[in-house]
Amino acid sequence: MKIVFFGSSDFAVPSLRNLLDSPHEVLAVVTQPDRKKGRHLKVSQTPVKKLSSKRGITIYQPENAKDTESLKYLESLRADLFVVVAFGQIFSKSVLNIPKIYSINLHASLLPKYRGAAPVSRAIMNGENRTGLSIIRMNERMDAGDIILQRPVGIEEKDTSETLNRKLSDLGGILLLDAIRFIEQDRITFKKQDEKKATFAPKLKKEDGLIDWKKDALKIHNMVRGLTPWPCAFTFLNDKMLKIRKTDVSPSPDKSEPGEILDIQKEGLIVACGKGLLIIKELQLEGAKMMDIASFVRGHKIEKGMFLGRPACR
RNA sequence: CGCGGGGUGGAGCAGCCUGGUAGCUCGCAAGGCUCAUAACCUUGAGGUCGUGGGUUCAAAUCCCACCCCCGCAC
């Protein structure tokens with residue numbers, strides 16, 4: 001099968017790798033342009049581009065895959081199938097109709113739930129204990145195409161977006177090959193998505209990480225898990241940004257004010273929330289490295305009765 | 001040339017502004033106390049103060065360059 005692969009982020013890497021290792025012919029890889037990013041605005045390549053150049057695959061990086069020049073190029077490849085995984089651009093019908101067969105997309109949720117850019121993080125943040133993978137035949141609407149294959153995946157208590165993403169991207173790469181095999185054998189039965197059940201998982205923004213201490217400890221805990229490693233849940237300690245990477249919850253009820261540090265123990269800071277207690281185990285102060293509580297307490301002034309999340313500490 | 005914080009014994013920090021032979025909380029080792037302990041007491045080992053230059057009688061501290069880590073922004 002002659003395939004053009006569209007992908008950008010880490011999530012797409014196992015899928016691409018599997019395709020490259022398969023008998024299928026990857027005609028070209030389409031990925032986002034190199035962008036000035038990160039500290040000092042250095043130019044960086046997508047993980048997909050790095051893998052592709054290592055494997056000597058033709059790379060195409062359009063600013064917009066829908067423009068006429070891109071369309072012309074994509075048509076010239078004469079592909080059987082377009083495979084799209086975490087690409088980062090929205091396609092129009094003109095793109096989707098180019099391949100002989102059609103275009104498929106691997107998405108990290110059990111569609112129609114969690115359509116959109118951040119399905120994994122949002123699922124964890126909502127405290128789900130199950131999510132999954134879907135492969136769909138793409139149409140013009142985002143993540144709304146008919147379902148080709150699905151596979152549920154459990155979310156474990158210890159999972160963060162980081163671990164779950166890895167799991168899902170690995171499994172996704174396998175599922176993708178299955179799907180392509182079924183397509184080749186013409187054994188697909190499309191399943192329409194139930195629009196009434198559709199939910200959305202919008203792209204995460206930095207401010208999604210701001211902790212509201214009035215919320216339940218469990219809710220905050222799930223937020224911390226879902227936002228690891230990026231954008232990372234955060235609060236403030238004496239006007240400095242404090243990222244919180246690892247937490248636990250303790251059910252013991254209390255009448256303290258949300259955000260108050262009630263105790264400092266070896267395993268973590270005990271912080272009052274709207275309901276329940278949050279145990280902060282790993283954190284990172286602005287400008288410093290991520291560290292566990294034992295280390296943090298040794299070098300920083302922190303004591304019971306201080307408040308988190310109050311920009312100007314009383 | 002996007003903005004800013006930081007690199008000090010194994011860990012986390014103070015000291016730097018106002019140069020003058022390195023400190024704190026831990027960890028580690030040995031000994032003591034104890035029925036016992038992650039508790040307490042005593043002693044001890046362990047540091048080219050990121051790298052290279054410069055200023056100075058003297059630099060962790062001031063000046064210049066570079067490397068690495070981190071946050072913002074993207």
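On a predicted model such as this, the values are computed, not experimentally measured, just so you know. Here is the naming used below: chain letters follow the sequence lines, and residue numbers restart at 1 for every chain.
The partner of B:A36 is absent, by the rule that a Watson-Crick or G-U pair needs both atom distances under 3.5 Å. Figure legend. B:C72 is base-paired to B:G2; pairs are counted as Watson-Crick or G-U wobble with both atom distances under 3.5 Å. Remark: B:A29 base-pairs with B:U43. Criterion, Watson-Crick or G-U wobble with two distances under 3.5 Å. Pair check for B:U56 finds none; no Watson-Crick or G-U wobble contact set falls under 3.5 Å.
Distance, A:Leu41 CG to B:G2 P: 5 Å, rounded to whole Å. For A:Leu285 and B:G12, the CG to P distance is 14 Å, given to the nearest whole Å. Following rounding to the nearest Å, A:Ile302 (CD1) and B:U25 (P) show an atom-to-atom distance of 19 Å. Whole-Å rounding puts the A:Met290 CE to B:G6 C1' distance at 16 Å. Per the geometry, NZ belonging to A:Lys266 stands 17 Å off C1' belonging to B:G12, to the nearest Å. Going from atom CD1 of A:Ile264 over to atom P of B:C26 covers 13 Å, rounded to whole Å. To the nearest angstrom, P of B:G27 lies 19 Å from CZ of A:Phe296. In this entry the distance linking CD of A:Glu286 with P of B:C13 reads 14 Å, nearest Å.
B:U61 and B:G20: their P atoms are spaced 11 Å apart (whole Å). Comparing the same atom, C1', in B:U34 and in B:C40 gives a spacing of 10 Å after rounding to whole Å.
Salt-bridge formation is not detected for the pair A:Asp80/A:Lys2: no Lys NZ or Arg NE/NH1/NH2 atom is positioned less than 4.0 Å from an Asp or Glu carboxylate oxygen. A salt bridge does not link A:Glu282 to A:Lys243: none of the charged side-chain nitrogens sits closer than 4.0 Å to a carboxylate oxygen. With respect to A:Lys205 and A:Asp208, no salt bridge is recorded, no charged nitrogen being found less than 4.0 Å from a carboxylate O.
The residue A:Arg39 sits close to a base: some heavy atom pair falls under 4.0 Å. Nucleic acid contact for A:Lys289: sugar-phosphate only, since backbone atoms but no base atoms lie under 4.0 Å from a heavy atom of the residue. Within 4.0 Å of A:Lys243, counting heavy atoms only, lie sugar-phosphate atoms of the nucleic acid but no base atom. A:His300 comes within 4.0 angstrom of the backbone, heavy atoms only, and of no base.
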The test is side chain to side chain donor-acceptor pair (under 3.5 Å); show your working for A:His221 and A:Thr247 and say whether it passes. CA-CA 6 Å; A:His221 174 64; A:Thr247 55; 2.7 Å; yes

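Comparing atom distances between the A:Ser295 side chain and each of B:G12, B:A73, B:G71 picks out B:G12 as nearest. Distances from the side chain of A:Lys37 to the nucleotides B:C74, B:C72, B:G12 place B:C74 closest.
Using the six-membered ring where Trp is involved, A:Phe6 and A:Phe91 have ring planes that are perpendicular, over 60° apart on the 30 and 60° scheme.
No donor-acceptor contact under 3.5 angstrom links the side chains of A:Asn165 and A:Ser161, judged on distance only.
Close to B:C72, at under 4.0 Å from its OP1 or OP2, lies a side-chain N or O of A:Lys206. Residue A:Gln284 places at least one side-chain N or O under 4.0 Å from the OP1 or OP2 atom of B:G71.
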